[in-house]
Amino acid sequence: MNARTPLTTLALAGVWPQPAFAATASGTSVPYVEAGSGEPMVFVHGSLCDYRYWDPQLAALSKKFRCFAPSLGHYWPETHAFGHGDFSWEAHVVEMAEFIEALGLGPVHLVGHSRGGCVAFHLARQYPHLVKTLTLADPGGPLQAAPQAAAGALPPAVQALRAQAADLIEQGEFDAGLNLFVDSVTMPGFWVKSTQSFRRMALDNALTLPKQLRDPLPAYTPEAAGEIQCRTLLIDGQKSPRMFRNTVDKLHAWIPQAERQTIAGASHGMNIANPGAFNRALSQLAAWSPHT
């Protein structure tokens with residue numbers, strides 16, 4: 001098997017292709033899988049995930065695009081973060097920019113989900129020459145209502161729940177900790193009902209959660225959003241937690257060339273719950289963008 005092998009049948013069988021590795025300018029080695037040909041599309045995963053999260057996208061969108069799904073530093077399969085520095089969203093922004101540059105891909109159709117949406121948002125701000133279109137699916141991070149307001153923060157109850165989840169994981173109670181966290185960003189009962197492949201991926205990445213919670217994401221502001229100059233698609237799920245839908249509402253108003261789409265019947269993992277609608281939205285955005 002190689003990195004271009006379609007993933008869906010492999011995932012169903014519990015088998016995954018071995019990733020390729022991109023050597024970046026900073027000396028890190030980024031694992032990734034690749035499929036298809038055409039304009040490049042890069043997928044940035046969120047909390048507790050890795051390149052395996054994007055299987056439904058690579059399997060379908062590789063028919064039109066050259067798709068890349070990297071794993072961020074500290075995430076599976078590089079869980080010991082060989083060659084990587086401290087865990088931070090800022091480091092992941094640089095890492096993804098260097099990944100695109102190392103493979104000579106830019107400008108790309110950039111897709112980020114949850115925490116990966118925050119990484120993609122700031123990559124598009126800081127490295128506009130690398131991003132042709134931007135898709136943010138339930139982007140993670142708090143809102144700042146106005147430029148002069150104090151930095152945003154998650155509600156105290158959410159922070160307390162996430163701290164409890166991190167404590168459980170650091171005590172080795174992975175299942176209990178993941179149950180708390182995953183249900184909080186999706187819907188009650190999601191963890192218990194989730195697929196074996198999703199549970200395996202989350203368990204493989206469980207130790208990143210305490211690191212993540214010690215590295216809070218920055219607040220979105222109108223000023224920062226105004227710096228996004230590429231065509232942007234904001235996606236939420238019809239059943240996504242209110243905090244994500246609020247963020248999508250605000251960013252839709254703040255980003256100059258933003259469009260919005262809500263995936264019917266889906267919560268936070270809308271790209272898995274309704275991959276057909278999610279993939280069509282990405283294809284349409286890329287098709288409408290100016291060709292270079």
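Keep in mind that this is a model prediction, so the values were computed, not measured.
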Contact between [X] and [Y] at the side-chain level, heavy atoms closer than 4.5 Å - yes or no?
X: Ser197; Y: Arg52; value: no
X: Met201; Y: Leu48; value: no
X: Asp215; Y: Arg115; value: yes
X: Phe121; Y: Leu251; value: yes
X: Val185; Y: Phe244; value: yes
X: Ile235; Y: Val248; value: no
X: Pro70; Y: Leu72; value: no
X: Glu170; Y: Pro210; value: yes

Practice problem: Kindly indicate, with the supporting measurements, whether the criterion side-chain contact (heavy atoms from CB on, under 4.5 Å) is fulfilled by Phe68 and Ile100. | Solution: CA-CA 10 Å; Phe68 294 83; Ile100 294 168; over 6 Å; no

Under 3.5 Å donor-acceptor, [X] side chain and [Y] backbone:
X: Arg162; Y: Phe181; answer: no
X: Ser29; Y: Phe21; answer: no
X: Asp138; Y: Ser114; answer: no
X: Asn279; Y: Pro56; answer: yes
X: His113; Y: His268; answer: yes
X: Ser283; Y: Arg280; answer: no
X: Gln238; Y: Gly265; answer: yes
X: Glu98; Y: Ser26; answer: yes
X: Thr24; Y: Ala22; answer: no
X: Asn274; Y: Ala277; answer: yes

Determine whether Glu101 and His129 satisfy the following criterion, side-chain contact (heavy atoms from CB on, under 4.5 Å), listing intermediate values before the conclusion.
CA-CA 10 Å; Glu101 291 172 334; His129 62 290; 4.0 Å; yes

For the [atom1] atom of [X] and the [atom2] atom of [Y], what is their distance to the nearest 0.5 Å?
X: Gln126; Y: Met96; atom1: CD; atom2: CE; result: 14.0 Å
X: Leu110; Y: Leu130; atom1: CG; atom2: CG; result: 9.0 Å
X: Gln164; Y: Glu173; atom1: CD; atom2: CD; result: 11.5 Å
X: Phe198; Y: Asp55; atom1: CZ; atom2: CG; result: 13.5 Å
X: Glu39; Y: Lys132; atom1: CD; atom2: NZ; result: 3.5 Å
X: Leu61; Y: Arg66; atom1: CG; atom2: CZ; result: 15.5 Å

Practice problem: Mind running side-chain contact (heavy atoms from CB on, under 4.5 Å) on Glu259 and Arg231 for me, showing each step along the way? | Solution: CA-CA 8 Å; Glu259 302 165 26; Arg231 190 161 188 169; 2.5 Å; yes

Identify whether [X] and [Y] are in the same connected component of the hydrophobic contact network (ILVMFWY, side-chain heavy atoms under 4.5 Å).
X: Leu161; Y: Leu217; result: no
X: Ile272; Y: Met187; result: yes
X: Leu203; Y: Leu207; result: yes
X: Leu168; Y: Phe190; result: no

Quiz question: by atom type and distance under 3.5 Å, do the side chains of Glu95 and Thr28 form a donor-acceptor pair?
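The answer is no; no qualifying pair exists.
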
| Among side-chain atoms of Thr133 and His109, is any donor-acceptor pair under 3.5 angstrom? |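 Short answer, yes.
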
Please find the pair of heavy atoms, one from [X] and one from [Y], that lie closest to each other, and give the distance.
X: Asp50; Y: Trp76; answer: CB-O, 3.2 Å
X: Met243; Y: Thr247; answer: O-OG1, 3.0 Å
X: Asn246; Y: Leu143; answer: O-CD1, 3.7 Å
X: Trp89; Y: Val119; answer: O-CG2, 4.3 Å
X: Tyr220; Y: Gly140; answer: OH-O, 2.5 Å
X: Ala102; Y: Ala23; answer: CB-O, 3.4 Å

Asp86 vs Arg214, test: salt bridge (charged side-chain N to carboxylate O under 4.0 Å, His left out). Steps then yes/no. CA-CA 11 Å; Asp86 293 338; Arg214 289 192 288 266; over 6 Å; no

Sole residue of His252, Arg260, Arg245 in side chain to side chain donor-acceptor pair (under 3.5 Å) with Asp236:
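Of all the options given, the one that passes is Arg260.
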
Query - Qualifying residue for side-chain contact (heavy atoms from CB on, under 4.5 Å) with Phe43, from Tyr32, Tyr51, Trp54 - result: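 Exactly one candidate clears the test, Trp54.
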
Q.
How about CD on Gln171, more than 12 heavy atoms from neighbouring residues, nucleotides or ligands closer than 6.0 Å, or not?
A.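 Yes.
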
- Describe, in one word, how the ring planes of His92 and Tyr75 are oriented to each other, choosing from parallel (under 30°), tilted (30 to 60°) and perpendicular (over 60°).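 Tilted: the ring planes of His92 and Tyr75 meet at 30° to 60°.
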
- May I ask you to check whether Tyr53 and His45 place their ring centres under 6.0 Å from each other?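 Between Tyr53 and His45, which both carry aromatic rings, the centre distance is not below 6.0 Å.
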
>> Using the rule given for side-chain contact (heavy atoms from CB on, under 4.5 Å), can you reason through Gln57 versus Cys67, listing the C-alpha separation, both sets of side-chain angles and the distance that settles it, and then say yes or no?
In response: CA-CA 8 Å; Gln57 281 62 62; Cys67 298; over 6 Å; no

